[in-house]
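Below, each value reflects all heavy atoms present in this structure, side chains not excepted, and no hydrogens, waters or symmetry copies. Nothing fancy with the numbering, it's 1 onward along the sequence. Bear in mind the structure is a predicted one, so any value in this text is a computation, not a measurement. Counting starts at 1 for both ligands and their atoms, in listed order.
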Amino acid sequence: MKIQLALDRMEIGDAIQLTRLVENSIDWIEVGTSLIKEYGVSSIKEIKKAFPTKVIVADIKTIDNARYEFEMCFNAGADVATVMGVSPYVTIDTCMEVARRFDRRVMIDLLNTSEEQKKELMNYSEAIFCDHVSKDEQEESGSRNLGVDEGLLFADSTRQIAIAGGITLESLAALKQKLNPSVAIIGSAITQAKDPADAAAKFKQVIFHVEGV
Ligand SMILES: O=C([C@H](O)CO)[C@H](O)[C@H](O)COP(=O)(O)O
C-alpha cells in the first residue's frame with residue numbers, strides 16, 4: 001500500500017518544506033484542490049520541480065472542461081489527475097483519452113456517486129478509483145472513512161483503489177485489513193501533526209507491520 005500525502009490549505013513554499021520533512025515515509029504527493037484553486041497550475045509545477053522522482057497527483061477534481069484541465073495538469077508535470085465520478089461520461093472519457101496520450105493516469109473520485117454510477121465507472125479499467133469521505137462530511141457532519149465495504153468496488157481485485165477522508169494512524173491498519181487499498185490518501189493526520197516527520201514515519205510503520213515487507 002502506498003501513502004499519498006495530501007497537501008491542502010497551505011502556501012506552496014510551506015507545502016514543499018513540509019514534504020521535505022516526510023519524503024522518506026511517503027510515496028505519492030497530492031497537490032491538493034485548495035492549492036490548485038489558490039495558486040493555480042504553478043503549485044503543480046513547483047512541487048514537481050521540488051520532487052521530480054515522486055508521483056505527483058493533481059487533485060483538480062475536474063467535472064467539466066476536461067481536455068483543457070487535464071492537459072494543463074499534465075503539462076505542469078502531474079503524473080495523475082483527478083476527475084469526479086459524478087461528471088458526465090463524456091468528461092471522464094476525455095480525461096482517459098488525454099491521460100493515454102500523455103502516458104499518465106486518471107484517478108476517479110467516487111464522492112457522492114450512486115451504486116449504479118460506481119458500477120458503470122468500473123468499466124474505466126485503467127483508472128484508479130478513490131473512495132472518498134469529503135472534507136465537508138468530515139468537518140460538518142463528523143464522518144470519517146472507516147472502510148465500509150463497497151461491495152463491487154473492493155470485490156474486484158484487478159481495480160486499483162485509493163481511500164481518503166480523515167484517515168488516522170488508528171484507522172489505517174483496520175482500513176488496510178478490511179479493504180486492502182493500493183493507496184491511502186492522508187492529509188491532515190500528517191500535515192496538522194505537531195511532528196509531521198514522526199507522524200508520517202508512524203504511518204509507514206503501520207503499513208510495514210500490516211504488510212510485513
Ligand atoms: O481530497 C481531499 C479533500 O477533498 C480536500 O480537497 C483531501 O485530499 C483528502 O480528504 C485527504 O485529506 P484528509 O481528509 O485531511 O486526510
* Asked: Ion pair present between Lys48 and Asp79, side-chain N to carboxylate O less than 4.0 angstrom?
  ->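 Yes, charged N to carboxylate O under 4.0 Å.
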
* Asked: Is it the case that one hydrophobic cluster holds both Ile186 and Ile56, taking links as side-chain heavy atoms less than 4.5 Å apart, direct or via other members?
  ->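 Ile186 clusters together with Ile56.
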
* Side chains of Lys61 and Asp109: closer than 4.5 Å at any heavy-atom pair? ->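 Side-chain contact under 4.5 Å: yes.
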
* Using the test side-chain hydrogen bond (donor to acceptor under 3.5 Å, both in side chains), find all partners of Lys45 that sit at least two apart in sequence or belong to another chain. =>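 Partners of Lys45 by the side-chain hydrogen bond (donor to acceptor under 3.5 Å, both in side chains) criterion come out as none, since no residue qualifies.
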
Which pairs of donor and acceptor atoms, one on a side chain in residues 93-102, lie under 3.5 Å apart (sequence neighbours left out)?
from   : atom 1 : to     : atom 2 : distance (Å)
Asp93  : OD1    : Tyr124 : OH     : 2.7
Thr94  : OG1    : Val90  : O      : 2.7
Glu97  : OE1    : Arg67  : NH1    : 2.7
Glu97  : OE1    : Arg67  : NH2    : 3.0
Glu97  : OE2    : Arg101 : NE     : 3.2
Arg100 : NE     : Glu126 : OE1    : 3.0
Arg100 : NH2    : Glu126 : OE2    : 3.4
Arg101 : NH2    : Glu71  : OE2    : 2.8

* Got the residues with a heavy atom under 4.0 Å of ligand 1, by chain and number? ->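 Residue list for ligand 1: Ala6, Asp8, Glu30, Thr33, Asp59, Lys61, His132, Lys135, Gln138, Gly165, Gly166, Ile186, Gly187, Ser188.
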
Would you be so kind as to tabulate the donor-acceptor pairs closer than 3.5 Å made by side chains of residues 19-27, with sequence neighbours excluded?
from  : atom 1 : to    : atom 2 : distance (Å)
Thr19 : OG1    : Ala15 : O      : 2.7
Arg20 : NH2    : Ala50 : O      : 3.4
Asp27 : OD2    : Ile3  : N      : 2.7

